[in-house]
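Input: a single structure, listed below in structure tokens.
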Amino acid sequence: MDCIFCKIAAGELPCEKVYEDAHTLVFMDIAGDVDGHMLAIPKRHFENIFDCDGETLDRLMRTVKLIAEHCTKACGYDGVNLLNANGASAGQSVPHFHIHIIPRTAGDNINAWPSFGGATSNIDNIYQKLKL
Ligand code: AMP
């Protein structure tokens, strides 16, 4: 499969590896857009949350928690943002499931939360569609 993150997981493409275990990998994002930008991926190929099985999700989130705690306990950060896009409509550009981890410190002035343009519909109308 011609997947850039599969190739990174297989060691066929280089990365700056932050953490690795049997099922997951964390490496530096090459975007250079914000300090400490990391990506956590399952080594097996899943496109995004929709095709990812529960066990893999569990493993990936455990790795994300490990890295988040490493950031705060060992690296001097106060918090982390976790960002994730599923599907092209959500802005996913690499179709291998990944979670962005962005370490934060108080007053770092990073704007990691999207500036939404304002809701266009009544909350209750959308709620009727969304509730399970
Ligand atoms: P997304 O838009 O959520 O799919 O994020 C994809 C991310 O992958 C972007 O932040 C890219 O900078 C990052 N990326 C693409 N290629 C590489 C690579 N070879 N090594 C590390 N990060 C990459």
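Counting starts at 1 for both ligands and their atoms, in listed order. What you see is a predicted model, and the numbers here were worked out from it, not measured in a lab. The first residue in the sequence is number 1, and the count goes up from there.
The part of I4 lying near ligand 1 is the side chain, judged by heavy-atom distances below 4.0 Å. Contacts with ligand 1 closer than 4.0 Å are made by no heavy atom of F97, backbone or side chain.
Numbered from 1 in the order shown, with element, the atoms of ligand 1 that lie under 4.0 Å from a heavy atom of I8 read 18 (C), 19 (N), 20 (N). Proximity to F5 (heavy-atom distance under 4.0 Å) selects the following atoms of ligand 1: 8 (O), 17 (C), 23 (C). Near A31, meaning under 4.0 Å from one of its heavy atoms, ligand 1 places the atoms 12 (O). Atoms of ligand 1 found under 4.0 Å from any heavy atom of H100, numbered from 1 in the order shown, are 1 (P), 3 (O), 5 (O), 7 (C), 10 (O). Interface atoms of ligand 1 facing M28, defined by a heavy-atom separation under 4.0 Å, are 21 (C). Close contacts between ligand 1 and Q92 involve ligand atoms 4 (O) [criterion: under 4.0 Å to a heavy atom].
Some N or O of H98 is nearer than 3.5 Å to an N or O of ligand 1, by distance alone. Ligand 1 has no N or O atom lying under 3.5 Å from any N or O atom of L39, backbone or side chain. The shortest N/O to N/O separation between D29 and ligand 1 falls below 3.5 Å.
The shortest heavy-atom distance from G91 to ligand 1 is under 4.0 Å.
A side-chain contact (heavy atoms from CB on, under 4.5 Å) with M38 is found for one member of I102, I67, I99 and no other, namely I67.
Closest to atom 20 (N) of ligand 1, if we only count protein heavy atoms, is I30 CG2, 3.6 Å. Looking at atom 2 (O) of ligand 1, its nearest protein heavy atom turns out to be S93 OG, 2.7 Å.
Side-chain atoms of R104 come within 3.5 Å of backbone N or O of I110 as a donor-acceptor pair. The closest donor-acceptor contact from the side chain of H96 to the backbone of V94 lies at 3.5 Å or more, if one exists at all. In this structure a side-chain-to-backbone donor-acceptor pair under 3.5 Å is present from D78 to A106. Between the side chain of N81 and the main chain of P103, no donor-acceptor pair closer than 3.5 Å is present.
Atom CG of L130 has more than 12 neighbouring heavy atoms from other residues, nucleotides or ligands inside a 6.0 Å radius. More than 12 heavy atoms of other residues, nucleotides or ligands lie within 6.0 Å of CD in E12, so this atom counts as buried by the packing criterion.
Placement of I49 and V26 within a single hydrophobic cluster is found when ILVMFWY residues are connected by side-chain heavy-atom separations under 4.5 Å, directly or transitively.
Note: K131 NZ to I126 CD1 = 13.5 Å, rounded to the nearest 0.5 Å.
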